[in-house]
A.B. asks: 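Take a look at this one; I'll ask things after.
All chains are named by letter (A, B, ...) in the order of the sequence lines, taking the proteins before the strands, and each is independently numbered beginning at 1.
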6 protein chains.
Amino acid sequence: MKRPSGRAADQLREVRITRNYTKHAEGSVLVEFGDTKVICTVSVESGVPRFLKGQGQGWLTAEYGMLPRATGDRNQREASRGKQGGRTLEIQRLIGRSLRAALDMSKLGEFTLYVDCDVIQADGGTRTASITGSMVALIDALKMIKKRGGLKNGDPLKQMIAAVSVGMYQGEPVLDLDYPEDSAAETDLNVVMTNAGGFIEVQGTAEGAPFQPEQLNAMLALAQKGMDELFAIQQAALAD
Amino acid sequence: MKRPSGRAADQLREVRITRNYTKHAEGSVLVEFGDTKVICTVSVESGVPRFLKGQGQGWLTAEYGMLPRATGDRNQREASRGKQGGRTLEIQRLIGRSLRAALDMSKLGEFTLYVDCDVIQADGGTRTASITGSMVALIDALKMIKKRGGLKNGDPLKQMIAAVSVGMYQGEPVLDLDYPEDSAAETDLNVVMTNAGGFIEVQGTAEGAPFQPEQLNAMLALAQKGMDELFAIQQAALAD
Amino acid sequence: MKRPSGRAADQLREVRITRNYTKHAEGSVLVEFGDTKVICTVSVESGVPRFLKGQGQGWLTAEYGMLPRATGDRNQREASRGKQGGRTLEIQRLIGRSLRAALDMSKLGEFTLYVDCDVIQADGGTRTASITGSMVALIDALKMIKKRGGLKNGDPLKQMIAAVSVGMYQGEPVLDLDYPEDSAAETDLNVVMTNAGGFIEVQGTAEGAPFQPEQLNAMLALAQKGMDELFAIQQAALAD
Amino acid sequence: MKRPSGRAADQLREVRITRNYTKHAEGSVLVEFGDTKVICTVSVESGVPRFLKGQGQGWLTAEYGMLPRATGDRNQREASRGKQGGRTLEIQRLIGRSLRAALDMSKLGEFTLYVDCDVIQADGGTRTASITGSMVALIDALKMIKKRGGLKNGDPLKQMIAAVSVGMYQGEPVLDLDYPEDSAAETDLNVVMTNAGGFIEVQGTAEGAPFQPEQLNAMLALAQKGMDELFAIQQAALAD
Amino acid sequence: MKRPSGRAADQLREVRITRNYTKHAEGSVLVEFGDTKVICTVSVESGVPRFLKGQGQGWLTAEYGMLPRATGDRNQREASRGKQGGRTLEIQRLIGRSLRAALDMSKLGEFTLYVDCDVIQADGGTRTASITGSMVALIDALKMIKKRGGLKNGDPLKQMIAAVSVGMYQGEPVLDLDYPEDSAAETDLNVVMTNAGGFIEVQGTAEGAPFQPEQLNAMLALAQKGMDELFAIQQAALAD
Amino acid sequence: MKRPSGRAADQLREVRITRNYTKHAEGSVLVEFGDTKVICTVSVESGVPRFLKGQGQGWLTAEYGMLPRATGDRNQREASRGKQGGRTLEIQRLIGRSLRAALDMSKLGEFTLYVDCDVIQADGGTRTASITGSMVALIDALKMIKKRGGLKNGDPLKQMIAAVSVGMYQGEPVLDLDYPEDSAAETDLNVVMTNAGGFIEVQGTAEGAPFQPEQLNAMLALAQKGMDELFAIQQAALAD
């Protein structure tokens, strides 16, 4: 088996995280997994959704979008179609759940964090890049809340979160699928983990043949290997 | 650990599959997983979506809905809200992907199968009940196509599909969560499998603490145990 | 003239009302007029719409839907189309007006009753079945409000309501049209009455030739005859 | 009983029908029932909806709207709300059904007639004014089709149609309710008839107390009386 | 160059402003620029939008619509399409901005003025007719507020506003384009001015060849000439 | 008068045009006017909209969007609101009209060019930056069509187009307003020109006091000055 990119089976694409990518948001990151490029911003607003009012805790919600020509063929703009598609909603629900797992909402206070992940160029793995990049933008946004006098009850950060895709490609498990692999993979598995090694989400789909328990375990092992590197890249970006 | 229902950790709820539940659809099943009740119909229409035209193959698509008062509190009717929610879209995409895995579309011919899963009473596990029940309705619909003179290229059925949820409840893996368990579970894992033992979908979410690889394996083992029973129940229903 | 079902001109289909059909709603009925089957639930919520706030009175509103394959051909799901059709809105407005006529809203107190009528199998007369069945679910919901300590100002029930369709079929008036009759009738007339014999709604439409005053009177007489039976069936169901 | 307007119980408001009210439409009428003013246009387009294609027959469809300040309080513009309300849909369905009853569609040929009824000032009875006025615009549109060389198979006009409301007001039947009567009436009954005296639609609603069979008959007799006058007014307008 | 209507290059169409055109609105005008006819109503409601609450000032907002057959070909009704088109939104934003320039909002008090411009017959220049006519309806609405006891802080009217289109037609500047000119013009320029001679809006679009600075100046001079006449027509209407 | 940025009254912000910014689109540019940053892509698709079919000519249409946090405060995502706002539609209509003026559609052939302008950071002047940047992306897209064997009838490019804003700020005309100026300007004027010095669009709005003819001329002169520089910057970018 040879990967289209020439990468080893357990090799991530080059991952770059650029902080302060745009100037208005409290947290703003450009995350690149190879040719996949996503702008992740975190915006802080006072107040929480109605179902949480008066409980003294915060909330985080995420939205995801793709520029119409982020992909090989142009997709119709969701704003002009008048609705977000099922894939978009599914991805933004995943991003939101994943990042909420990073926070102790009772320490955040009555703030709502809006995570916006906008794909400007897609080459596979946009949801995992979004989660990994937004985690860094989230840290910056928390710093900004603190700087403005918030977070009196301690640091709401419980753990770091990152995400990567793995899959079965030509019968073998591979790490961090790019688009040519993704569109030909037999199985596609997105994994979200904490820096302590626990799973937050595991979403595997057989695109062709069903996958077997031992394949699942092989893919999960690859994911864990990639995760160590992603957490290191996040730390390096935050140390700049 | 004691389950609210008093069931053993590896015990399914009582599962009932009633065929020919309504009279118009080519396949029509009422599936019950305990108090969760879903009407699953399969409708056959000539023709396929535009992206498949002229390729001589068929298609299957699924939609999911809940009656407004299928749940403890009334939910706003999606038809009057003017859109399907993210959860609905996510579930119907899962049902569609799962059932497409049962079929060889090139043998189906240019038919579209519409699977409609409508929850009339919800008590946890509606998506897994929907998949398990629709599989039986799908078999009935295929028989109807054959009876009407279709399926000249052989049987499109590749394999049976069923689904079940497992989870970590009070620190222990349990099979087939009902609503009281689901709303308190630390981890919720939906598993879709074939009758040959392969995975079609694995979707696990940590609702509270992250889950560990060995917990994942314990949950998957429980799912496989439940799956054997579900395939037997499907066969029994089809044998009637 | 021979009716497709073999019924006499003044004969209702077999009408069955099953109470407590689903477990969550305050009132829940399966109503069957022959092969027409509708789940009617009544949900009780505190509070009233804005236009009634602070007046100490209650409100009742109704919604109607059909499962996509309740009919001979599949209809597109209204939730995925993004709007309710004109026929749906017309029917749910009729159901709401009819059931509000049963109640003294000032005695209900500041509660809103949501009536949901969902057709799981259609064979003509879904709106009249919905009204007749919901009336029983409404009684059960009122009992539940009382049990929970509400209705301090006396019983809000003013009168029982039922509905039936009549029509001109092959030149003769017939009672309770089923689908084969409905689609071939010259005139279709829906009648909603009180158990004291007054009219709440009379909606007649000439599908082919105009109808004459004496035909209208003949149809109304048939409706009154059917109504007596429907009120008896409601009472029998409530007596169980 | 004294009517707010001082009219006799069986007296119509002054009804005026102004043809060629706007210049673009094939038929264009301003109809006034007292202070109720509706612009009714009939537009002719080649072709028919998909469900009628290739059958050699025509179609007629109607739409209804109100200017936001046609009423005492301003209503939100339906175009900016993003949908037509249930009342609007109900009325335009009624207008369409009523006018289709005037035509033999097989003689119309493959044309679609769009009837647009836009209320510029409302004072009760907008739906009945719309039907009565559109009937005249429809005649003008048919003449225009003929002038342009259509209608080779003979005149599609089967009969004239008109509509009027009647009701129970302060215990007595009255003809052609204006807004002050309409909002206080116990019963509101809209009647659509042919010039041969047959009923096309009868829609009666008890707003307060139920109405009795003899009241229904009294109201229908009043409607018939008004109808004779309305058909005369239509003829006078067409004779100009 | 000869204009299709035979008018001189600097000649307005006949402009008529009819006050109190409909009876419910606080201000109601029918404005006619030749065959272009627009009903302009101004409705007064207590309260202001959220972003202005508690600032003691008022607001004005405008909506624009066309009856489906106001034009040569029928346009789909925006209410049934489910959204207002880009052209509609652009025009109503222009009307709102223009009329807000007439008022000192701090003197208006916490009222919202809804301007509704509904075109019943279109022959070019509907937006400029709407602004010119609504200005008169606005004056009438202010008088009504005063009569009802409002406007304690003095007259909110700062200046009169009117609007007219000019354009390059067959190489020459012309005033007040009608539809045949508008659809053939090389340049279309809408001008909104105050009665003191200042510009509120200038919106010029080259439909064919680009326009030159000296052409722009020639068109603006024509607009100023027309404006003097429009302000006189407004005053004459208000003096009635 | 001192500009917040310290620029001279006739000084553009630093304008940068980066070609080939993303990899999938036929033309892809990042355009920066100071801190305003817009990704402009041009996508080429075979075929034209229905109203142009069979005429042998092409079409160009534009869409505009802003990332939710491109601005100082987060704006709700239009895709999740379910519709594009009036400002968005107005801007994308302007971009489309402006760029269509650059092309001879009969030489383009039956292709549709989709221009997508997505603002990733906003600091005033996003519409003028979008037009100026998209013009360059359009040239690149035309080259790509040619490379793929299209454009047999000669070069469809008629002229270059650029756009800039000017305004009255603290009583003086200034070129290329940034956000602090834009939000405080008395007049805001957007100008679209050709490289031959003609106007394509002139859109001026008095935000406070009306503007006078001589102010309009002073602003237009500034715009012409800026335009010369913008055409030079476009050429330099294209020469790379």
A.B. asks: What part of Q224(F) is in contact with chain E, defined as an atom under 4.5 angstrom from a non-hydrogen atom: side chain, backbone, both or neither?
C.D. replies: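 Q224(F) touches chain E through side-chain heavy atoms alone.
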A.B. asks: Mind listing the closest non-hydrogen atom pair of T194(F) and P210(E) along with its distance?
C.D. replies: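 That would be CG2-CG, 3.6 Å.
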A.B. asks: Given a strict heavy-atom distance threshold of 4.5 Å, which part of L216(F) is in contact with chain E: side chain, backbone, both, or neither?
C.D. replies: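 Just the side chain, heavy atoms under 4.5 Å.
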A.B. asks: Out of curiosity, E201(E) CD to Q203(F) CD, how far, rounded to the nearest 0.5 Å?
C.D. replies: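 Reported to 0.5 Å precision, the distance equals 8.0 Å.
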A.B. asks: Based on non-hydrogen pairs under 4.5 Å, which of G85(F), G197(F), P213(F) is most in contact with chain E?
C.D. replies: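 That would be P213(F).
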A.B. asks: Please look at I200(F) and chain E and tell me whether the side chain, the backbone, both or neither of the residue comes under 4.5 angstrom of a heavy atom of that chain.
C.D. replies: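 Both backbone and side chain.
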A.B. asks: Around Y179(F), counting heavy atoms of other residues, nucleotides and ligands shown, do more than 12 lie under 6.0 Å from its OH?
C.D. replies: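 Incorrect, the count does not exceed 12.
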A.B. asks: Is the shortest heavy-atom distance from the side chain of K83(E) to the side chain of K83(F) under 4.5 Å?
C.D. replies: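 Contact flag for K83(E)/K83(F) side chains = no.
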A.B. asks: As an exercise: rank G204(F), G208(F), A206(F) by heavy-atom pairs under 4.5 Å with chain E and give me the winner.
C.D. replies: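 Option with the greatest count: G204(F).
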A.B. asks: Could you look at Q159(F) and say if it's the side chain, the backbone, both or neither that has a heavy atom under 4.5 Å from chain E?
C.D. replies: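 For Q159(F), the contact with chain E is made by the side chain alone.
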A.B. asks: Counting only non-hydrogen atoms closer than 4.5 Å, does R100(F) touch chain E with its backbone (N, CA, C, O), its side chain (CB onward), both, or neither?
C.D. replies: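 Neither part; nothing is under 4.5 Å.
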A.B. asks: Need one label for T205(F): side chain, backbone, both or neither, based on atoms under 4.5 Å from any heavy atom in chain E.
C.D. replies: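 Looking at T205(F), backbone and side chain both touch chain E.
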A.B. asks: Let me know if N217(F) has heavy atoms under 4.5 Å from chain E in its side chain, its backbone, both or neither.
C.D. replies: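 Only the side chain of N217(F) comes within 4.5 Å of chain E.
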A.B. asks: Is the shortest side-chain heavy-atom distance between F199(E) and T187(F) below 4.5 Å?
C.D. replies: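 No - every pair of side-chain heavy atoms lies 4.5 Å or more apart.
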